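Taking it in order: structure first as structure tokens, then the write-up.
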Amino acid sequence: MTTAVADVPLVRDDTGFFGHPKGLMICFATEMWERFSFYGMKYLLLLYLTKYHLFTDAEGLEVLGGYAALVYAMPVIGGLLADRYLGMRKSVILGGLLLVAGHLGMAVEGEQARMVGDNIARDTQALQVFYASLALIVIGVGFLKPNISTIVGKLYAKDDPRRDSGFTIFYMGINLGSFSATLLCGYLGETYGWSYGFGAAGIGMLVGLATFIYGQRYLAGLAEPPEDGKLKERTVIGLSKEHTIYASSLLAVAVVWQMLQFHAAVGLLLNTLSVLVLAGLAWFIVARCNAVERSRMIVLIILTMSTVVFWALFEQSAASMTLFADRVMDREVFGLTLTASQYGALNSMFIFMFAPFFAWLWTVLGRRGLEPSTPVKFALGIAQAGLGFGALMIGAANPDQAGLVSGYWMVLAYLLHTCGELCLSPVGLSAVTKLAVPSVVGVMMGSWFLATAYSEFVAAQLAKLAAIETSSGSVTDTAGALTTYGELFSSLFWLGLGAGVLMLLLSPLLRRMMHGIH
């Protein structure tokens, strides 16, 4: 065993970072820069494909949906490998190296696509670099994302009163990275050139990796492999288990590289996994659970499935909402003219503004016995996601004299979506740990992330309902585009509101089925 047991008390008694262990500072900075790199390219991705490589809306959305789905699915595997073999430190470094390579590869633009007669001439070599870079990011996130959070938890004893505030500080790093990256990379990418935006995201990840490597000593052995001896054991291919994992990760990059170009493969994978998981859970609930456990597990499955609706709506931000902002919106708000991708920063800004309010509100309501149950919070979250599209629907129906929609409708939509997120997201993972039978908590956590991955795929399919024909990446019929987007937003409004009302109607039954779990 390699855990530095003697150092653990020193770490947990450490107050060198605003009363918290210095290791939190390292995790905070690493996560902040990783999220900087991730969000720095997220809102540029679809614009880059449709405006530079002249993908159709449907083609660009297929790439975005497949990429986002795989990004949320891979952490389940990365976390499992870290727990059993690599340990968190080596997993984070491996993930960081893959991410740096992927993000810097995204900066390779190649030649801009152009029309040659009725055909589009694209730089196929640059596109292959692009797909390979996305694959590196997918696998990199799979190794880094789940394990940096796990390290934070290990810095505190379970009864340490600083634990919750430590995670709060850590999650603020996520939103700080998201906010700054969306503004900076979005501006650079759309103003000076795509390579500048993607390149800035890559540099951010490089800083994050360097920070983590520098700060390893502050982790005091808490992130080491569970057993070094197991890592050195030889596998059937003649390599140690550690080197086999590294080689397998590169093989996984090659597989994802191809999957991103054959979009049906991503959908088939997600559908197959979903059916297998649901079938396995159905068997477990019937065969292995007592009445109370069965009831709670059913509630958890319903809550998990409802998140697919919420995130499919919420993740329109990088899909239909970004295209809407680029093509048919007056992007001046509060005296500032933002690029289409910069509007994505509104989510992080509103989290900064309203997360403390929601934390205060639930506490006050809890003291008075009025705090909504978890199903009611889910209902509120989903309904507010739908209401956000109600705002965009109204905006699309009321353009100005130039035929453009006021950017303030987009601000209102992001406000409603963020408030919905604050109702649903913080209680989601907590519900998994509380409602799942202890022997399958890991499976249910994986199912939760699978549902999130599936929602990303669904989000792209929904956005394709408003796929618009463009000329050299630009819309030629603004009025027609407004009508198309208005119809999509109307459908999403009713979908969100209807699902929210259904969840609200079910909430009394679901609460009883939770048998005292709040």
Side-chain angles (χ1 to χ4, degrees), residues 43 46-47 50 57-58 60-61 64-65 306 308-334 338 340-347 349-350 378-424 455-456 458-470 475 477-504:
Y43 291 95
L46 187 56
L47 296 173
T50 55
D57 285 4
L61 286 163
L64 175 65
S306 75
V308 174
V309 178
F310 175 80
W311 292 115
L313 297 178
F314 184 89
E315 290 299 337
Q316 294 299 316
S317 59
S320 61
M321 290 169 66
T322 293
L323 294 179
F324 180 79
D326 179 63
R327 295 169 174 175
V328 296
M329 206 172 78
D330 176 0
R331 296 191 296 275
E332 182 177 339
V333 289
F334 308 115
L338 302 177
S341 58
Q342 284 182 307
Y343 271 84
L346 290 170
N347 174 238
M349 184 184 79
F350 285 135
F378 272 57
L380 293 172
I382 297 169
Q384 286 177 93
L387 289 173
F389 290 105
L392 293 177
M393 179 179 65
I394 295 171
N398 295 278
D400 60 19
Q401 292 182 343
L404 299 176
V405 176
S406 169
Y408 289 103
W409 291 109
M410 184 67 77
V411 174
L412 178 57
Y414 268 102
L415 173 61
L416 289 164
H417 285 183
T418 303
C419 289
E421 180 186 8
L422 290 170
C423 286
L424 181 146
S455 70
E456 296 285 351
V458 172
Q461 307 313 307
L462 291 174
K464 284 166 62 178
L465 297 175
I468 294 172
E469 290 190 15
T470 60
V475 170
D477 181 7
T478 302
L482 273 176
T483 300
T484 301
Y485 284 121
E487 291 172 352
L488 171 65
F489 296 151
S490 176
S491 299
L492 298 181
F493 165 73
W494 290 112
L495 173 61
L497 203 60
V501 170
L502 177 61
M503 182 62 68
L504 189 63

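Note that the coordinates shown come from a computational prediction; the quantities given were computed from them, not determined experimentally.
- Atoms CD and CG, on E469 and D57 in that order, are 9.5 Å from each other to the nearest 0.5 Å.
- Separation of atoms CG (L387) and CE (M393) is listed at 9.5 Å; rounding is to 0.5 Å.
- The closest side-chain heavy-atom distance from L47 to L323 is below 4.5 Å.
- Using a 4.5 Å cut-off on side-chain heavy atoms (C-beta onward), M321 and F389 make contact.
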Start with the C-alpha gap between V333 and W409, add the side-chain angles, then the distance that decides, and say whether side chain to side chain contact (heavy atoms under 4.5 Å, CB included) holds.
-> CA-CA 10 Å; V333 289; W409 291 109; over 6 Å; no
Could you pull out every donor-acceptor pair under 3.5 Å between side chains of residues 413-420 and any protein atom, sequence neighbours left out?
residue	atom	partner	partner atom	Å
H417	NE2	A385	O	3.0
T418	OG1	N347	ND2	3.0
T418	OG1	Y414	O	2.8

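- Of all heavy-atom pairs between V458 and A312, the closest is CG1-CB, 3.9 Å.
- Separating the CD1 atom in I382 from the CZ atom in F310 is a distance of 8.0 Å, to the nearest 0.5 Å.
- Nearest heavy-atom pair, A319 versus L61, reported as atom, atom and distance to 0.1 Å: CB-CD2, 3.7 Å.
- Under the 3.5 Å distance criterion, the side-chain polar atoms of Y343 are matched with a main-chain donor or acceptor of R331.
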Would you give me the side-chain donor-acceptor pairs under 3.5 Å for residues 485-500, sequence neighbours excluded?
residue	atom	partner	partner atom	Å
Y485	OH	R327	NH1	3.0
S491	OG	E487	O	3.1

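- Judged by distance alone, the side chain of T470 and the main-chain N or O of V475 form no donor-acceptor pair under 3.5 Å.
- Counting only heavy atoms from C-beta outward, the side chains of V411 and F350 approach each other to under 4.5 Å.
- Considering only residues two or more places apart in sequence or on other chains, W311 meets the ring pair (Phe, Tyr, Trp, His ring centres under 6.0 Å) condition with F314.
- A search for salt bridge (Lys or Arg N to Asp or Glu O under 4.0 Å) contacts involving E315 returns K42, not counting sequence neighbours.
- Rounded to the nearest 0.5 angstrom, L412 CG and L392 CG are separated by 8.0 Å.
- Under the side-chain hydrogen bond (donor to acceptor under 3.5 Å, both in side chains) criterion, S320 pairs with Q316, sequence neighbours left out.
- The OG1 atom of T322 sits 9.5 Å away from atom CE of M329, with the distance rounded to the nearest 0.5 Å.
- Of all non-hydrogen atoms in G386 and L313, the two that sit nearest each other are N-CD1, 4.2 Å.
- Rounded to the nearest 0.5 angstrom, T484 OG1 and L465 CG are separated by 10.5 Å.
- Residues passing the side-chain hydrogen bond (donor to acceptor under 3.5 Å, both in side chains) test with E332, sequence neighbours excluded: none.
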